[in-house]
Amino acid sequence: MFKTHTCGELRHTHAGHTVQLAGWVHRRRDHGGVIFIDLRDRFGLTQVVINPTHTSASDFKRSESIRNEFVLQIEGEVALRPEGMSNTKVATGAIEVMASKVTILNPAKTPPFMIDDDGDNVDEAMRLRYRYLDLRRERMSRNLNIRHRLIKFMRDYLDQRGFLEVETPILFKSTPEGAREYLVPSRVHPGEFYALPQSPQQLKQLLMVGGIERYFQIARCFRDEDQRADRQPEFTQLDMEMSFIDRDDILALVEGLLTQFCEDFAELHGRSLMFKPFLRLPFHEVMERYGRDKPDVRYGMELFDVSAATRGSEFLPFQVANVKGICVQGCAGYTRKQTDELTEFAKKAGAKGLVVLWHDADGVRKSGAGTKLSDAEKTAITAAAGSKAGDLILLVADDDRERANNALGELRHELGIRLKLGKPDQLAFLWVVDFPSFVRDSETGHWAANHHLFTAPKDEYLDNLEADPGAARSKQYDLVCNGYEVAGGSIRIHRRDVQERVMKILGLSMEEAYKKFGHMLDAFEYGAPPHGGIAPGVDRLAMLFAGAPNIREVIAFPKNQQAADVMLGVPSPAAEKQIKELHIRLA
RNA sequence: GGAGAUGUGGUGUAGCGGCCUAACAUGUCGCCCUGUCACGGCGAAGACCGCGGGUUCGAAUCCCGUCAUUUCCGCCA
C-alpha cells in the first residue's frame, strides 16, 4: 500500500501519528523557504508542509520542481496547525502533515484546463477529450458517487425484497418494431446479424415464464437514435419485472425505493421530494391540465378552459370548439415583440395563433382586435385564468382540442424554463397512468402501440378492442420528474390469444408475428404467469439527484451528440480483414 | 432530415467596421519570499480572432459557404 490514510481522513485526533499519503498535487504554494501542497485523492484534500526543518535537503530541493497534478507519496507526521491557522473550509483543516519524505511517483504535464476549478466553465468537448482529467474534478467525482449510491441502493432495496439479479445477453435478436438498433454482423453465420438490445423487454418477460417471479438488472440498453441532453446511444436502466402483481404493487415498490433513497441520501444531493406520496394522474387529465405527457409539476401555470364562455364570441378566432389558455404570472410587462415571439413559438408547436391579453391595473387589454371581446368574456377569462393585474394571459383556440393542448403544453414548458419556475432543489414525481393502448400513426393511419405491443389493455376494454382500438386504455404507467420521463412500464399481456389480437390490430400478419415474436407466443402457451414491470432510467435519475444539466455529467465516458467518443476515437474504421471475416462489404 | 446558438492566447471571457500592433482574468515560465490555504511581489512568453470565399479604401467585427460543439423539433416499439 502506498498510503496509510486517505487525504480526507486525518483529524486532530491523529496528531503525532506518522502517516503515508499518496495522491495528486491539487495546489501548491511555494513560499521559498517552505512549500505548502494540497494533496488530493478521491476522498479529500490534506495540506502537506514541506519544510527543511523536517525534510532532507535533497527532498526539499526536489520538491521545488513539483507542479500541479504531479503524483506524490508523502511520509510525515500529523501535526496540529499552529494557533489560529486551521482552515474550516476543509474537513482536514485542523491538521497538516509535516513531510519527512517526499516521493514523486510521476510528474505531470500542465493540464489543458484547471482541475481545482469546479465550475461548469470549460468547453465540454475539451472536457470529453481529456475525460480522465475531468474525472479528477470534484463535480465529476461527486456525480459518479451519487450514481454509485443510487445503484447500490437499488440493488440492496430489491435484494431485500426477494428480487433476483439476472444478466441477459447483449448480443440479441433484431426486433425492428422499436427504435433503430445497433447491428453486429456474425462471423459464423454469413449474412446474419445480432442486434444490441434496446431493452431486455422480451427476455425479462421470458424470465417470468421461467418462474423467476422477481427479476431486476442494472441493464445497459442501446438505441441508434439522435441524441439529446437526456439521451445517449447507450444508457442504463433499472430493469424490473414481477409476476403475480398488479399495477399498484409496482408503483408502490418504485415509489418506496425512490422515496427512501431521497430521504436516506438527502445530505448527498441536497434535494427534497415535493410530493409524498407522488402525484398520480390519468393521461387524459395530464394532457388537459399540462398539455404534455411529461410535465414539470414543480410549478402550476395549468391550462384552463374557457370554451363555454367564448361560445358565440364575436371575436373570430374564438369561433371554434375549444379555447384554452395559460396565465403567465408577472409577465404583463412583455412587449409586443416578446409576445410576437411567443406567437411564433406557439405556431411551431401547432397552434393556429396565439391570443395575448395583458392583465394590468385597468383590467384586461388586448392589442388590435381586443375590442371584440365582450366584458363577459374578459371576466370569464380572468376568472378561469385566476389572473391578477400584472399577469399575461395566452390563449389558443382550435377545433382540435388535442392540438390546442399540445401547443399550450409546449408554451408552458418553454416559459417554465425561461422564467425558471421550477426550483432546482425540488423533485416533483408524478405517475401518469391510464394511457391509450393505441395511437394512430399520423402518416399511415395505422394503429401503433402507444408503449409497446406487449402492454396489456385494461380488462374493461378487451371486449371492444377490435371495434374501437382508440378508446382502449392500457395498463401502462410512466413516472415523470421535473419534466423528464424517468421510468416507464406496464402490466404485460400473458395470454397468447390476447397477444395475437393486439398484434392483429397493429397490422401484423400472423405469419410475420410468429416470425418476429414466435418465441413469446410459444412461451405464453406454457403457463405464463400474470406479470408486469418497469424500467427506471438510472442516468436520468442520477442527473436529477445530482442537479446536472444533462446525463453526460453522470456517465463516466459518454458519447457526444454525434454518438462519438473523441477521446478514444470511436467509432473507427475496421481493418479490411475484419470486414471480410464478417462477410460484409462497405458501400 | 430540419431549426437555433456558439467558435478570439493553454483555459474562460471582452471587443462586434478604422481607436486592435487584439484587452481582461486565470494558467504557464523566470526571479524573490518560512505560515500559506484562490498565498503574495516583480518580470516574461503566449492568440493574426474555427476554416474558405466575398463585400469594403479598411474585417475578429458585415455577408455567403463549410466544419466543429451544443440545444430543440423529427426520431426515441
Using a 6.0 Å cut-off, check whether atom [atom1] of [X] has over 12 heavy atoms from anything other than its own residue.
X        : atom1 : answer
A/Arg495 : CZ    : no
A/Glu402 : CD    : no
A/His12  : NE2   : no
A/Tyr194 : OH    : no

What distance, rounded to whole Å, do you find between the two [atom1] atoms, one in [N] and one in [M]?
N     : M     : atom1 : answer
B/G17 : B/G10 : C1'   : 30 Å
B/C51 : B/U8  : C1'   : 14 Å
B/G18 : B/A60 : P     : 10 Å
B/U56 : B/C63 : P     : 16 Å
B/A77 : B/A5  : C1'   : 33 Å
B/C24 : B/G15 : P     : 15 Å
B/G52 : B/G7  : C1'   : 15 Å
B/C67 : B/G41 : C1'   : 45 Å

Does [N] pair with anything, Watson-Crick or G-U wobble, both distances under 3.5 Å, and if so, with which nucleotide?
N     : result
B/C37 : none
B/C42 : B/G30
B/A68 : B/U6
B/U11 : B/A25
B/G74 : none

Nearest-neighbour nucleotide for the A/Arg29 side chain, B/G35, B/C39, B/U71 considered: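 So the nucleotide nearest the side chain must be B/C39.
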
Checking only heavy atoms, does the side chain of [X] share a donor-acceptor pair with the base of [N] at less than 3.5 Å?
X        : N     : answer
A/Glu96  : B/G35 : yes
A/Gln47  : B/U36 : yes
A/Arg81  : B/C37 : yes
A/Asp38  : B/C37 : no
A/Asp123 : B/G12 : no

Nucleic acid contacts of residues 497-517 of chain A, taken as heavy-atom distances under 4.0 Å to RNA chain B: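 None, since no heavy atom is under 4.0 Å.
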
Positions of residues 227-239 of chain A (non-hydrogen atom under 4.0 Å from RNA chain B), listed by number: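 Per residue number, the list reads A/Arg228, A/Ala229, A/Arg231.
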
Using whole Å, what does the distance between atom [atom2] of nucleotide [N] and atom [atom1] of [X] come to?
X        : N     : atom1 : atom2 : answer
A/Phe113 : B/G12 : CZ    : P     : 10 Å
A/Arg440 : B/A77 : CZ    : P     : 21 Å
A/Lys173 : B/A77 : NZ    : P     : 19 Å
A/Phe435 : B/A77 : CZ    : C1'   : 14 Å
A/Asn560 : B/U69 : CG    : C1'   : 8 Å
A/Met126 : B/G9  : CE    : C1'   : 12 Å

Per-nucleotide protein contact string for nucleotides 27-32 of chain B, where B marks a base within reach and S marks sugar-phosphate only (heavy atoms under 4.0 Å, - for neither): SSSS--

A/Glu69 with A/Arg40: basic N within carboxylate O range, under 4.0 Å: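 Counted as a salt bridge, because a side-chain N and a carboxylate O are separated by less than 4.0 Å.
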
Salt-bridge criterion met for A/Lys294 and A/Glu485 (N-O under 4.0 Å):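 Salt bridge absent between A/Lys294 and A/Glu485.
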
Non-hydrogen side-chain atoms of A/Leu411 and A/Leu354 separated by less than 4.5 Å: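 Yes. Closest side-chain heavy atoms under 4.5 Å.
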
5'-most by nearest nucleotide on RNA chain B - A/Lys294 or A/Lys559: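 It is A/Lys559 whose nearest nucleotide is closer to the 5' end.
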
Of A/Phe36 and A/His452, the one whose closest RNA chain B nucleotide lies more 5':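 Of the two residues, A/Phe36 wins.
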
Under 3.5 Å donor-acceptor, A/His452 side chain and A/Phe454 backbone: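 Present.
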
Pair A/His5 and A/His14, ring centroids less than 6.0 Å apart: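 They qualify: ring centres under 6.0 Å apart.
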
Residue-phosphate contact under 4.0 Å: [X] side-chain N/O, [N] OP1/OP2:
X        : N     : result
A/Gln562 : B/A68 : no
A/Asn51  : B/U34 : no
A/Arg552 : B/U71 : yes
A/Arg27  : B/A38 : no
A/Lys89  : B/A38 : yes

Geometric class of the A/His519/A/Phe517 ring pair [parallel <30°, tilted 30-60°, perpendicular >60°]: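 The arrangement is tilted - the two ring planes meet at 30° to 60°.
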
Ring geometry between A/His531 and A/Phe524 (parallel below 30°, tilted from 30 to 60°, perpendicular above 60°):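 Ring orientation, 0 to 90° scale: tilted.
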
Touch class at under 4.0 angstrom, heavy-atom based, for A/Pro82 against every strand present: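 Result for A/Pro82 = base.
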
Touch class at under 4.0 angstrom, heavy-atom based, for A/Arg129 against every strand present: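 Result for A/Arg129 = nothing.
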
Report the residue from [options] that forms a side chain to side chain donor-acceptor pair (under 3.5 Å) with [X].
X        : options                                : result
A/Glu241 : A/Gln217, A/Gln201, A/Arg492           : A/Arg492
A/Gln198 : A/Arg180, A/Glu181, A/Arg223           : A/Glu181
A/Asp434 : A/His284, A/Lys475, A/Arg473, A/Lys458 : A/Lys458

Stacking of A/His31 on B/C39 base (centres under 5.5 Å, planes under 30°):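 So yes, this residue stacks on that base, both cut-offs being met.
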
